[in-house]
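Along the sequence shown, residues carry numbers from 1. Start at 1 and go down the list; that is how both ligands and their atoms are numbered.
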Amino acid sequence: MEQAKVIALTNQKGGVGKTTTTLNLGVGLAKAGKRVLLVDADPQGSLTISFGIKKPDELPLSLANIMQSAILDTPAPMESVLQHSEGVDFIPSNIELSGMELTLFNAMSREYVLRECLSKYRSNYDYILIDCMPSLGMMTINALTAADSVIIPTQPNFLSTKGINLLLGSISKVKRQINPRLRIDGILLTMVDNRTNNARAVAETLRSGIGQNLRVFDTEIPFSVRAAECSIEGKSIFAHDKGGKVALAYESLVGEVSGLECEIHRPRPDRVR
Ligand code: ATP
Ligand code: MG
């Protein structure tokens, strides 16, 4: 049976576009005919809120319940998977997930809990995208253990790109010690404002530096207030500003991400060292 490709969208730096990219890449893949499950792995519940759930803390079931069941070895509550009108399914999160770091600490096989939870969904979807929280803690290690690959959204500024090496170190460690099949699909430049010389200079330095060993997606997500409005509206950019520059950029990213499947057997210099 076909298994979903699991992609973790991660960066320990906050506010770089992880959630926005998870949502829009997910909806974009669904529009391209793929079956998509999005997983909110952040107790802030930003992805859940972006799907129009105004009070995630009042949800009766969330990722915390599914993970708790896996830890206690009891059946997972299937009804915790919700459907969004734009064609993707999602597992919501809320503040309850904030206790999970501590719970995981004492759990048996603590790095593998999310992987175990998602294993039962893999045959129902083509893609499972995990929206990580901005940290390199236990939840993110769980996401990297559950994932086949990683997409790293980053803003083109000095401080954002500086943190990438730390993240690459963590990814590399998980690959060596826990999840040897983990790959890096690429770094995605987000909120790019090409009117500033600084953004262009940082983007070029990234492409000519890290970009020599790792894919930096050709697609760059432009800065636009339209993208920021989406989360308030509870819609994707495709529903909010169809044909706008951010929607076109995410469409282009969908093309790049879908194309990666075909390259799987071609050796590339973008493997994690
Ligand atoms: P966190 O680390 O807190 O989880 P994040 O990395 O998930 O943050 P987002 O929540 O996706 O980042 O984005 C941060 C803010 O930037 C949000 O207010 C979002 O609406 C806004 N934003 C995202 N993409 C764009 C864009 N292309 N142009 C302008 N604003 C954007
Ligand atoms: Mg987020």
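Contact atoms of ligand 1 toward A228: 20 (O), 30 (N) (distance under 4.0 Å to a heavy atom of the residue). In the vicinity of G14, heavy-atom distances shorter than 4.0 Å reach the ligand 1 atoms 2 (O). Counting the atoms of ligand 1 from 1 in the order shown, those under 4.0 Å from a heavy atom of I221 are 27 (N). The distance from ligand 1 to the heavy atoms of A227 drops below 4.0 Å at these ligand atoms: 25 (C), 26 (C), 27 (N), 28 (N). Each of the atoms 20 (O) of ligand 1 lies under 4.0 Å from some heavy atom of S231. Per-residue contacts place V16 under 4.0 angstrom from the following atoms of ligand 1 (heavy atoms of the residue considered): 5 (P), 6 (O), 12 (O). Close approach of ligand 1 to P222 is summarised as follows: ligand atoms under 4.0 Å from at least one heavy atom of the residue are 26 (C), 27 (N), 28 (N).
Counting only heavy atoms, the protein never gets under 4.0 Å from atom 17 (C) of ligand 1.
Using a 4.0 Å cut-off between heavy atoms, M133 makes no contact with ligand 1 at all. Only the side chain of D42 comes within contact range of ligand 1, with a heavy atom under 4.0 Å; no backbone atom does.
For ligand 1, the polar-atom distance check against K18 finds a nitrogen or oxygen pair separated by under 3.5 Å.
Salt bridge E204/R207: absent, no basic N to carboxylate O contact under 4.0 Å. In summary, K55 and D57 do not engage in a salt bridge, as defined by a charged side-chain N under 4.0 Å from a carboxylate O.
The nearest heavy-atom contact from the protein to atom 23 (C) of ligand 1 is T20 OG1, 3.2 Å. Of all protein heavy atoms, the one lying nearest to atom 15 (C) of ligand 1 is M191 CE, 4.4 Å.
The residue from Q3, R35, K5 that alone fulfils the side-chain hydrogen bond (donor to acceptor under 3.5 Å, both in side chains) condition with D126 is R35.
To the nearest 0.5 Å, atom CG of residue L167 and atom CD1 of residue I171 are 4.0 Å apart.
Of the possible polar contacts, none joining the D241 side chain to the I237 backbone as a donor-acceptor pair under 3.5 Å is found.
For S46, every N, O or S atom stays at 2.8 Å or more from the Mg ion (ligand 2).
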